[in-house]
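The structure appears below as structure tokens.
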Amino acid sequence: MDLSEYSFVIVGSGLLGSVVAERITSQLGQKILLIEKRNHVGGNCFSEVDKETNIEFHKYGTHIFHTDNERVWKYINQFTNFNSYRHQVLSSYQNKIYQLPINLETINSFYNITLKPFEVDDFLARLKTPLEKAPSNFEEKAISIIGKDLYEAFIKSYTEKQWQVDPKQLPASIFNRLPFRKNYHESYYFDKWQGVPTDGYATMFNKLLSDKKITVLLNTDFFSVRNQLKKNAIIIYSGPIDKFFDYRFGKLSWRTLSFHQETISVEDFQGNAVINYPEKEIPYIRIHEPKHLHPERNYTTEKTIIFKEYSMKDDGKNPFYPILSDDNQQKYDLYKKEADQLKNVFIAGRLGDYKYYDMHQTIEKALDIFETGIAPQIGTIS
Ligand SMILES: Cc1cc2nc3c(=O)[nH]c(=O)nc-3n(C[C@H](O)[C@H](O)[C@H](O)COP(=O)(O)OP(=O)(O)OC[C@H]3O[C@@H](n4cnc5c(N)ncnc54)[C@H](O)[C@@H]3O)c2cc1C
């Protein structure tokens with residue numbers, strides 16, 4: 001196959017690469033070479049059907065689509081419908097199940113009381129040791145808001161297991177991102193549009209990439225074919241930014257996850273898609289039961305599948321979450337400066353931008369790259 005005939009090369013078939021590929025073919029009528037090193041398209045959103053039970057699962061962790069962004073919602077609905085699934089997370093602590101984010105039900109159940117919303121602040125204030133100065137780290141901030149008991153039960157060890165870092169070393173500002181509710185609202189997201197693709201993420205990606213002008217090369221690492229590409233091809237690269245520059249400023253560090261599947265001979269194992277396990281003694285951080293993601297499907301099997309999720313430092317093979325430290329940020333800034341100098345190369349996505357993006361944010365980023373970066377150049381492409 002002659003790779004040098006393509007003026008557009010996309011690296012990575014996750015949402016970033018697939019949306020840009022769809023836009024270029026449908027709006028500009030151009031041919032695309034899409035290079036993917038895994039044996040499937042879809043990046044980390046990929047879903048697959050378990051052969052024994054027929055249950056669809058998300059191979060790289062439970063993915064719930066949620067957005068308030070109409071432009072993104074209208075765009076993605078061209079390729080899939082979404083079911084009515086609404087995400088709710090539970091947490092197991094000392095063999096009891098609680099609601100997450102921490103809400104009035106969590107507090108009442110934890111302390112075995114029946115507070116009303118307007119009584120929560122006074123109740124928590126009585127449990128707190130007054131701080132002499134403003135909280136200077138994640139732990140101090142958490143305790144200043146929810147008190148020591150709830151923090152230690154649901155957040156401290158969970159954070160340590162997930163990030164392998166002492167929460168005292170995390171900035172106080174991170175706690176502001178964790179929702180805390182003084183009412184009984186149990187929905188994890190409040191976005192206007194939510195759900196899981198009715199026919200699964202794999203089908204959605206196949207539709208996104210269905211145009212015959214898109215050639216997908218699976219099991220292929222971009223770096224092994226880079227020298228066969230057209231010299232002035234426009235490259236949209238959604239792999240790790242440090243690798244693109246051959247780690248010239250040092251390696252960025254990442255956390256990764258591994259998922260251990262079990263098939264269990266009961267119809268329903270835990271009654272919910274995701275349950276957190278915050279206790280130190282339990283090695284995994286969550287159990288996923290994907291059957292619950294499709295309430296509209298009639299899974300008739302008497303069996304279910306579950307996935308225990310473990311968090312660990314990445315060895316460079318499977319980066320999931322960027323580790324936000326000053327050192328990593330400084331390295332990323334150097335790479336970004338290099339990337340901004342390049343003509344004809346767009347580096348983006350969760351690996352390219354070294355940033356956690358939800359799916360709707362990734363789609364918006366891809367639409368922006370197409371509209372403001374690629375489409376205006378079309379007259380100049382040979
Ligand atoms: C555990 C987890 C759970 C999540 N849950 C949610 C959720 O519930 N809701 C939500 O909105 N978002 C969720 N997200 C975020 C979502 O996964 C991302 O927004 C999305 O996957 C980003 O797409 P991307 O294209 O940037 O990256 P990716 O999906 O990672 O795609 C990048 C692709 O590039 C390929 N690649 C990399 N390097 C090369 C190379 N050298 N050559 C060829 N191919 C290469 C990779 O194999 C990969 O397929 C979650 C993320 C994680 C990690």
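All ligand and atom numbering here is 1-based and tracks the order in the structure.
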State whether the side chain of [X] and the backbone N or O of [Y] hold a donor-acceptor pair below 3.5 Å, judged by distance alone.
| X | Y | answer |
| --- | --- | --- |
| Asp358 | Gln361 | no |
| Asp353 | Lys355 | no |
| Arg86 | Gln194 | yes |

Any N or O on [X] sitting closer than 3.5 Å to an N or O of ligand 1?
| X | value |
| --- | --- |
| Arg286 | no |
| Glu36 | yes |
| Thr362 | yes |
| Phe65 | no |
| Cys45 | no |
| Leu16 | yes |
| Tyr357 | yes |
| Asp358 | yes |

For [X], is the nearest heavy atom under 4.0 Å from an atom of ligand 1?
| X | answer |
| --- | --- |
| Phe223 | yes |
| Phe46 | no |
| Val41 | no |

Checklist entry - Can you check ring pair (Phe, Tyr, Trp, His ring centres under 6.0 Å) on Tyr85 and His87, steps first, answer last? => result CA-CA 6 Å; Tyr85 175 78; His87 200 41; 5.8 Å; yes

Starting from [atom], find the nearest protein heavy-atom neighbour and note its residue, name and distance.
| atom | result |
| --- | --- |
| atom 42 (N) of ligand 1 | Phe222 N, 3.1 Å |
| atom 5 (N) of ligand 1 | Thr62 O, 3.3 Å |
| atom 11 (O) of ligand 1 | Met359 N, 2.7 Å |
| atom 53 (C) of ligand 1 | Phe320 CD2, 3.4 Å |
| atom 38 (N) of ligand 1 | Gly239 CA, 3.7 Å |
| atom 9 (N) of ligand 1 | Ile64 O, 2.8 Å |
| atom 2 (C) of ligand 1 | Tyr321 OH, 3.5 Å |
| atom 29 (O) of ligand 1 | Asn44 N, 2.9 Å |

Should you measure from each heavy atom of [X], which atoms of ligand 1 turn up under 4.0 Å away?
| X | value |
| --- | --- |
| Ile35 | 43 (C), 44 (N) |
| Gly349 | 26 (O) |
| Leu257 | 1 (C) |
| Arg38 | 47 (O), 49 (O) |

Item to check | Minimum non-hydrogen distance to atom 3 (C) of ligand 1, winning option of His58, His87, His63 | outcome: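 Comparing heavy atoms across His58, His87, His63, the nearest one to atom 3 (C) of ligand 1 lies in His63.
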
Next on the checklist: Among His66, Lys37, Gln361, Arg350, which one puts a heavy atom closest to atom 28 (P) of ligand 1?
Outcome noted: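 It is Arg350 whose heavy atom sits nearest to atom 28 (P) of ligand 1.
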
Item to check | Stepwise side chain to side chain donor-acceptor pair (under 3.5 Å) check, Ser258 with His260 | outcome: CA-CA 7 Å; Ser258 79; His260 295 222; 3.2 Å; yes

Item to check | Side chain, backbone, both or neither: the part of Thr220 lying under 4.0 Å from ligand 1 by heavy atom | outcome: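 It is the backbone that touches ligand 1; the side chain stays farther off.
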
Checklist entry - Under 4.0 Å from ligand 1, counting heavy atoms only, is it the side chain of Tyr356, its backbone, both or neither? => result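 Tyr356 to ligand 1: side-chain contact only, backbone stays beyond 4.0 Å.
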
In terms of side-chain geometry, is the basic nitrogen of [X] or [Y] positioned less than 4.0 Å from the acidic oxygen of its partner?
| X | Y | value |
| --- | --- | --- |
| Arg71 | Glu364 | yes |
| Asp340 | Lys336 | yes |
| Glu70 | Lys192 | no |

Checklist entry - Can you check side chain to side chain donor-acceptor pair (under 3.5 Å) on Asp221 and Ser224, steps first, answer last? => result CA-CA 5 Å; Asp221 192 318; Ser224 67; 5.3 Å; no

Item to check | Criterion salt bridge (Lys or Arg N to Asp or Glu O under 4.0 Å) against Lys303, the qualifying member of Glu289, Glu52, Glu267 | outcome: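 Only one of Glu289, Glu52, Glu267 forms a salt bridge (Lys or Arg N to Asp or Glu O under 4.0 Å) with Lys303, namely Glu52.
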
Item to check | Option from Trp73, Trp193, Phe82, Tyr189 for which ring-ring contact (aromatic ring centres under 6.0 Å, His included) with His66 holds | outcome: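 In the set Trp73, Trp193, Phe82, Tyr189, the residue that makes a ring-ring contact (aromatic ring centres under 6.0 Å, His included) with His66 is Tyr189.
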
Next on the checklist: Using the ring-ring contact (aromatic ring centres under 6.0 Å, His included) definition, which of the options Phe249, Tyr247, Tyr354 pairs with Tyr335?
Outcome noted: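 Among the candidates, only Phe249 passes.
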
Item to check | Worked check of side chain to side chain donor-acceptor pair (under 3.5 Å) between Thr62 and His288 | outcome: CA-CA 7 Å; Thr62 301; His288 304 254; 2.6 Å; yes

Checklist entry - Relative to the ring of His360, is the ring of Phe65 parallel (under 30°), tilted (30 to 60°) or perpendicular (over 60°)? => result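 Geometry flag for His360 against Phe65: perpendicular rings.
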
Item to check | ILVMFWY network linking Val274 to Ile305, side-chain heavy atoms under 4.5 angstrom | outcome: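 Val274 does not cluster with Ile305.
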
Next on the checklist: Does Arg226 qualify as a cation-pi partner of Phe244, given the criterion of NZ or CZ under 6.0 Å from the six-membered ring centre and within 45 degrees of its axis?
Outcome noted: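 Geometry flag: set, cation within 6.0 Å and 45°.
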
